[in-house]
Q: 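The structure is given below, and queries will be raised subsequently.
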Amino acid sequence: MHRRLIVPGALAASLLLAIPASAADHVPGAPGIGDPYYPAYGNGGYDVSHYDLRLTYQPRTDELAGTATLLATTTQDLSRFDLDFLLDVSEVRVNGAKASFATSGEHELEITPARPLAEGTPMTVVVRYSGVPSTKSAYGFSTWHRTPDGAVAADEPESAWWWFPSNDHPLDKATFDVSVAVPDGTQAISNGTLQSTSSRLGWTRYTWRSNKPQATYLTTLAVGRFDITTGTSEGGVPVLNAYSKDLGDNAGAARAGVERTGELVDWLSGYFGPYPFASAGGYVPATTTGYALETQTRVYYSPRQFANGSNTSVVVHELAHQWYGDDVSLKGWKDIWINEGFARYAQWLWSEHEGEGTAQELADYTYASHPAGDAFWTVAPGDPGPENQFDAAVYDRGALAVQALRNAIGDDAFFAVLKGWPKEHAYENASVGDFRTFAERVSGRSLGALFDTWLFQPSKPAAPAARSAGLARSAGAGEASVRRPASWGRIAATDSVHAGTARSR
């Protein structure tokens with residue numbers, strides 16, 4: 001055996017060579033993912049691939065406790081990173097070792113691992129937490145909705161902070177396992193497929209799995225007392241729907257609409273291609289909100305959606321999002337037109353199917369019913385700004401732009417685009433610019449001027465532009481001279497439920 005003598009200077013040099021990078025080379029991940037509409041939403045420095053949430057919830061007191069395990073990979077040399085979260089944290093571990101943590105801003109949980117992490121490092125983050133979600137707020141609001149028998153997490157563009165720590169932006173989609181224990185007699189509903197139920201000592205645990213990438217705002221939790229129906233569509237899609245036992249006069253209308261989910265999924269598949277997920281369905285809890293939301297595989301409906309009777313149009317709208325918004329998610333919140341313009345257009349196609357007005361007639365009426373001075377035209381669906389992200393113009397003017405595209409490229413190319421887009425970007429994120437590029441490739445047409453006129457100009461397209469987009473009948477005409485389609489009232493009801501919920505879908 002030979003011994004090597006190392007003098008102090010040589011020892012220091014040797015140690016430096018043994019350490020691949022110093023802590024000084026690692027920097028904190030950004031506290032936002034870079035979305036200009038919501039600069040503090042999401043986080044930089046890592047990408048999540050899976051969430052495992054194991055929770056216990058007591059409806060009587062609104063107490064939630066749980067452990068979230070996040071599987072992620074670093075995307076930079078990382079000294080610290082953030083999660084978006086509001087509840088009280090008791091412990092954080094990163095790759096098995098305890099990490100220090102602190103809170104900052106409105107909803108940031110800052111985590112400092114015991115050791116810096118190099119770019120490309122797999123990362124297992126375990127967060128233990130508890131709290132009363134209804135007592136928490138950020139930016140002056142809450143997205144945790146209490147009900148007489150429990151609570152619901154469903155909102156847009158954020159809802160995760162109140163019940164699980166996350167990288168809360170659609171750019172970071174992941175798969176989910178959500179396991180929730182609730183008192184016997186109460187159910188816990190979430191996305192995907194129900195894997196198991198088990199009971200012990202007065203508590204029942206429900207375990208749900210979403211096996212396709214899912215945005216955090218599309219991840220939902222509903223706890224309460226529900227009537228649950230199950231079935232399979234003719235096309236083979238498993239369907240699970242749930243209805244609060246406290247819907248009152250809206251109970252029958254809610255069931256009459258939502259129970260058609262399987263039929264409508266199959267019908268939409270004819271336009272958009274095969275249904276992209278392992279299950280479908282919806283739930284109607286006893287909330288007081290006024291909106292519906294395309295929570296992935298399990299749509300959230302407010303009872304108010306059915307206050308005037310069964311409305312299959314709103315069910316079509318939310319199910320269309322399973323392709324346009326859930327399967328293919330937006331890159332940034334300015335790309336909301338890809339979600340809402342096409343979901344509204346699906347309602348127009350359903351109107352045509354039902355013999356209550358063609359898509360062309362609905363486009364003509366939309367164009368004619370808003371005079372040039374109407375503020376409706378000042379909202380540009382292609383980039384509406386955060387204050388107008390869920391304005392009615394994003395939906396109606398957005399669908400008008402879709403019809404203009406259809407008329408410009410012809411039905412063969414249009415329906416090829418409609419079906420090809422979810423296939424082209426399945427389980428990914430895409431922008432309005434990406435959609436234009438795809439439509440140009442499929443149609444062989446240059447579409448820059450059309451997109452600029454109908455999506456980005458803050459003014460009503462003039463009569464020549466309307467005529468060139470196939471709106472000759474309504475160009476220059478007033479509302480009184482264009483027949484109102486029979487479906488307009490039901491479609492407009494989908495607009496009215498967004499009034500007063502500017503942050504919500």
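Each residue takes its place number in the sequence, starting with 1.
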Q: Is a side-chain donor-acceptor pair under 3.5 Å present for Thr216 with Tyr51?
A: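 Absent: no donor and acceptor within the cut-off.
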Q: What are the two closest heavy atoms between Pro285 and Leu247, and how far apart are they?
A: O-CD2, 3.7 Å
Q: Quick check: does any side chain N or O of Gln214 sit under 3.5 Å from a backbone N or O of Lys173, one acting as donor and the other as acceptor?
A: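 No, the answer is negative, given that no donor and acceptor are paired below the 3.5 Å cut-off.
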Q: Atom CG of residue position Asn308 - does it have more than 12 heavy atoms of other residues, nucleotides or ligands inside 6.0 Å?
A: no
Q: Does any donor atom in the side chain of Asp434 or His425 lie under 3.5 Å from an acceptor atom in the other side chain?
A: no
Q: Can you check whether Phe306's main-chain N or O pairs, donor with acceptor, with Asn311's side chain at less than 3.5 Å?
A: no
Q: Are a donor atom and an acceptor atom from the side chains of Thr295 and Thr220 found within less than 3.5 Å of each other?
A: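 No, no side-chain donor-acceptor pair sits under 3.5 Å.
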Q: If you measure only the distance, is there a donor-acceptor pair under 3.5 Å linking the side chains of Glu340 and His321?
A: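 Yes - a donor-acceptor pair under 3.5 Å links their side chains.
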Q: Evaluate the criterion side-chain hydrogen bond (donor to acceptor under 3.5 Å, both in side chains) for residue pair Asp452 and Gln457; output intermediate values, then yes/no.
A: CA-CA 6 Å; Asp452 182 60; Gln457 288 301 316; 3.0 Å; yes
Q: Indicate the atoms forming the closest heavy-atom contact of Ala40 with Tyr139, along with that distance.
A: CB-OH, 3.6 Å
Q: Minimum heavy-atom separation for Trp348 and Ala359, please, with both atom names.
A: CE3-O, 3.7 Å
Q: Where the side chain of Gln347 meets the backbone of His317, is there a donor-acceptor pair that is under 3.5 Å apart?
A: no
Q: Tell me whether the guanidinium CZ or amine NZ of Lys212 lies under 6.0 angstrom from the six-membered ring centre of Tyr427 and within 45° of its axis.
A: yes
Q: Tell me whether Arg436 is salt-bridged to Glu440, with the criterion being a basic N under 4.0 Å from an acidic carboxylate O.
A: yes
Q: If only atom types and distance count, is the side chain of Glu361 paired as donor or acceptor with the main-chain N or O of Glu356 below 3.5 Å?
A: no
Q: Could you tell me which non-hydrogen atom of Ala346 sits nearest to which non-hydrogen atom of Phe272, and how far apart they are?
A: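 Minimum heavy-atom contact is CB-CZ, 4.3 Å.
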Q: Quick check on side chain to side chain donor-acceptor pair (under 3.5 Å): which of Trp333, Tyr38, Tyr37 does Gln389 satisfy it with?
A: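 That would be Tyr38; it is the only one of Trp333, Tyr38, Tyr37 passing the side chain to side chain donor-acceptor pair (under 3.5 Å) with Gln389.
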Q: Ignoring hydrogens and geometry beyond distance, is a side-chain donor-acceptor pair present between Glu259 and Tyr243 at under 3.5 Å?
A: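 Yes, side-chain donor-acceptor contact under 3.5 Å.
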Q: Around atom CZ of Arg209, are there more than 12 heavy atoms of other residues, nucleotides or ligands at under 6.0 Å?
A: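 No, CZ of Arg209 has 12 or fewer neighbouring heavy atoms, counting only those of other groups under 6.0 Å.
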Q: Show the numbers, then the answer: is there a side chain to side chain contact (heavy atoms under 4.5 Å, CB included) between Tyr324 and Trp421?
A: CA-CA 9 Å; Tyr324 280 78; Trp421 175 253; 3.3 Å; yes
Q: Given side chain to side chain contact (heavy atoms under 4.5 Å, CB included), test Trp337 with Leu330 step by step and report yes or no.
A: CA-CA 9 Å; Trp337 170 71; Leu330 42 74; over 6 Å; no
Q: Search all heavy atoms of Trp208 against all heavy atoms of Asn191 and return the closest pair with its distance.
A: CB-O, 3.4 Å
Q: Salt bridge or not between Arg441 and Glu424? Use side-chain N to carboxylate O under 4.0 Å.
A: yes
Q: Tell me whether Asp411 at atom CG has more than 12 heavy atoms from other residues, nucleotides or ligands lying less than 6.0 Å away.
A: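 More than 12 within 6.0 Å, yes.
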Q: With a distance cut-off below 6.0 Å to the six-membered ring centre and an angular limit of 45° from the axis, does Lys460 pair with Phe376 as a cation-pi contact?
A: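 Judged by the rule, Lys460 and Phe376 form no cation-pi pair.
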Q: Among Asp82, Thr73, Leu83, Val125, whose side chain to side chain contact (heavy atoms under 4.5 Å, CB included) with Tyr46 holds?
A: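 Passing option: Leu83.
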Q: Just by distance, no angles: are the side chains of Gln322 and Asp327 close enough, under 3.5 Å, to form a donor-acceptor pair?
A: no
Q: Under a 3.5 Å cutoff, is there a donor and acceptor pairing between the side chains of Ser233 and Asp266?
A: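 Yes, side-chain donor-acceptor contact under 3.5 Å.
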Q: Report yes or no: do Tyr291 and Asp155 form a side-chain donor-acceptor pair below 3.5 Å?
A: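 There is such a pair between these side chains.
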Q: Looking at every heavy atom in both Tyr275 and Ser279, which two are closest together, and how far apart are they?
A: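 Nearest pair, atom of Tyr275 first, then Ser279: OH-O, 2.7 Å.
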